[in-house]
Amino acid sequence: MNTVMNPSATDHQSLWQRAVQVMPGGVNSPVRAFGSVGGTPRFMSQGEGAYLQDQEGRRYLDFMNSWGPLILGHAHPEVVQAVQQSAALGTSFGASCEVELQLAEAVTRLSPVADMVRFVSSGTEATMSALRLARAATGRDAFLKFDGCYHGHGDSFLVKAGSGLATFGTSSSAGVPEAVAGLTGVLPLADETSLKTWFQANGERTAAVFVEGIPANCGLLPQARSWWQCLTELCRQAGCLLIVDEVITGFRLSEGGFCQRENIEADLVTYGKVIGGGLPVGAYGGRRDLMEQVAPTGSVYQAGTLSGNPVAMSAGLATLQAMQATDVETGRNGWQQLEHLGSHWQSLLEPLLKREKDAGRPLTLVREGSLFWLCFETENAPKAFHEIPAEGAQRYAQFFHALCERGVMFAPSAYEVGFLSTAMTEADLEFAANALGEALEISR
Ligand SMILES: *Cc1c(COP(=O)(O)O)cnc(C)c1O
């Protein structure tokens, strides 16, 4: 890595002391504060390819990749060039520009769900707007989500399950009125019986069901084909919209995301993360008749000062183009390369998992393409939030710090997934597997 040492480099501890004075908990997004692993967060100064470098000059092979957006790794030359060229021409016009049209054409071509798309600036905005649209289109107020799925921090989504099945939820954050939370239904994943019970009681007043393509915000909890069929069928019968939140899976799992890979007929879809290539972009899209209900063609108001700004759109477009390109040496495009790396990663980890199991410290690997998750204290992949062993978090904290010391960066929480990027090499993964083997030895 081309190291730029900062001559006035300050250590993490003193930066952190300053940070907590001026930002709540020292951060701008809560999990970054190391609350569940302990210790002082490390301040990052630069990223290049598969590696991230901190303020004190330490390098890490990065499996966080900014929580998902950086599918090409850090500072990919084509993305950097697109951003530089675009920024030099002006960072925002507050008017139409060709690159937003180009990205919209690319998204509607690749997505099996989106006939039309509206760009916003975060995944949170995308889900909030899609919910508003669903409520307007159906004339219904209630909606359903699943325990363990995350859809951003909109009021309606910060809701946890109430007591008993087929009930509405209660807010999981202070500041969310119960009147709002009471319109959100919450069910466990992987449970067809509770789905049927819910729809029997509430189907007719339900505007939409929100679900992550592959739930990836509370471990990685891929759902069975039969569950998806049951859900899709119940939505159809009740006349409620199926909204697949592809903020993580979109343009990552495959070119057309989860809905394409699994042939899911959703009404609306939300995107974020990869679609902005590291800049703040979100999007929602769907059937033409639904999307035409959004202002200015329709009566569902939604707007954004920086929505579709040329710099962010250029980064997203350059990312998609780089993913689509076939590598001359390997003959693989970005998604094929990620699957290749993913299966290599899995084959490196499997012997370690076996060793841990034999030593009486079981853990499980769940992998879907370039997404993976290690679930501690069980040999069986959980399918729902309540099946995840809570005691795993303690061991994870030790494991996380041991990995950090060995130059491998995982997310600072047992419930977050890991992301592979196309910048990683097989040798990188072998280095990481070694570090992981040692970290597992240490954390007991
Ligand atoms: C990250 C995420 C969001 C929220 O996106 P932000 O850009 O952080 O607002 C919504 N849904 C899913 C599935 C996510 O992973």
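All of these numbers come straight from a predicted model, not from anything done at the bench. Position 1 is the first residue of the sequence, and the numbers go up from there. One-based numbering, in listed order, for ligands and for the atoms of each.
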(message) Counting neighbours of CD on Q302 that are heavy atoms of other residues, nucleotides or ligands and sit closer than 6.0 Å, is the number greater than 12?
(response)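 Yes, because the 6.0 Å sphere around CD of Q302 holds more than 12 heavy atoms from other groups.
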
More than 12 heavy atoms from other groups under 6.0 Å of OH on Y301
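No - once you tally the heavy atoms of other residues, nucleotides and ligands closer than 6.0 Å, there are 12 at most.
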
Closest contact, heavy atoms only, V31 versus P412 =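 Nearest heavy atoms, V31 then P412: O-CG, 3.5 Å.
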
Review point. Shortest non-hydrogen contact from A207 to T138?
Key: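 In terms of heavy atoms, the two residues are closest at CB-OG1, 3.3 Å.
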
Near [X], which atoms of ligand 1 are under 4.0 Å from a heavy atom of that residue?
{"X": "I248", "answer": "15 (O)"}
{"X": "N217", "answer": "12 (C), 13 (C), 14 (C), 15 (O)"}
{"X": "S122", "answer": "7 (O), 9 (O)"}

Quiz prompt | Sole candidate of Q260, R109, Q324 that passes side chain to side chain donor-acceptor pair (under 3.5 Å) when paired with E255 | solution =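 Going through the options one by one, the only one that passes is Q324.
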
Please say whether [X] places an N or O atom under 3.5 Å from an N or O atom belonging to ligand 1.
{"X": "H151", "answer": "no"}
{"X": "V247", "answer": "no"}
{"X": "E212", "answer": "no"}
{"X": "T127", "answer": "no"}

Practice prompt. Tell me, with the steps shown, if I275 and F119 meet side-chain contact (heavy atoms from CB on, under 4.5 Å).
Written response: CA-CA 10 Å; I275 203 179; F119 291 116; 4.0 Å; yes

Would you tell me which option among S29, G152, G276 has the nearest heavy-atom contact to atom 10 (C) of ligand 1?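 Of the listed residues, G152 has the closest heavy atom.
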
Discussion item. Check R367 with E339, please: is the shortest side-chain N to carboxylate O separation under 4.0 Å?
Written reply: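 The answer is yes: the pair qualifies as a salt bridge.
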
Flag the pair R140 and E204 as a salt bridge only when some basic side-chain nitrogen lies within less than 4.0 angstrom of an acidic carboxylate oxygen.
->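 Salt bridge absent between R140 and E204.
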
Distance from [atom] to nearest protein heavy atom, with residue and atom:
{"atom": "atom 2 (C) of ligand 1", "answer": "K273 NZ, 2.7 Å"}
{"atom": "atom 5 (O) of ligand 1", "answer": "G123 CA, 3.2 Å"}
{"atom": "atom 9 (O) of ligand 1", "answer": "T124 OG1, 2.6 Å"}
{"atom": "atom 11 (N) of ligand 1", "answer": "D245 OD2, 2.7 Å"}

Are W198 and F168 near enough that their ring centres are under 6.0 Å apart?
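So the answer is yes for these two rings.
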
Measuring from non-hydrogen atoms of E246 to any atom of ligand 1, is the shortest distance under 4.0 Å?
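The answer is no, since E246 has no heavy atom less than 4.0 Å from ligand 1.
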
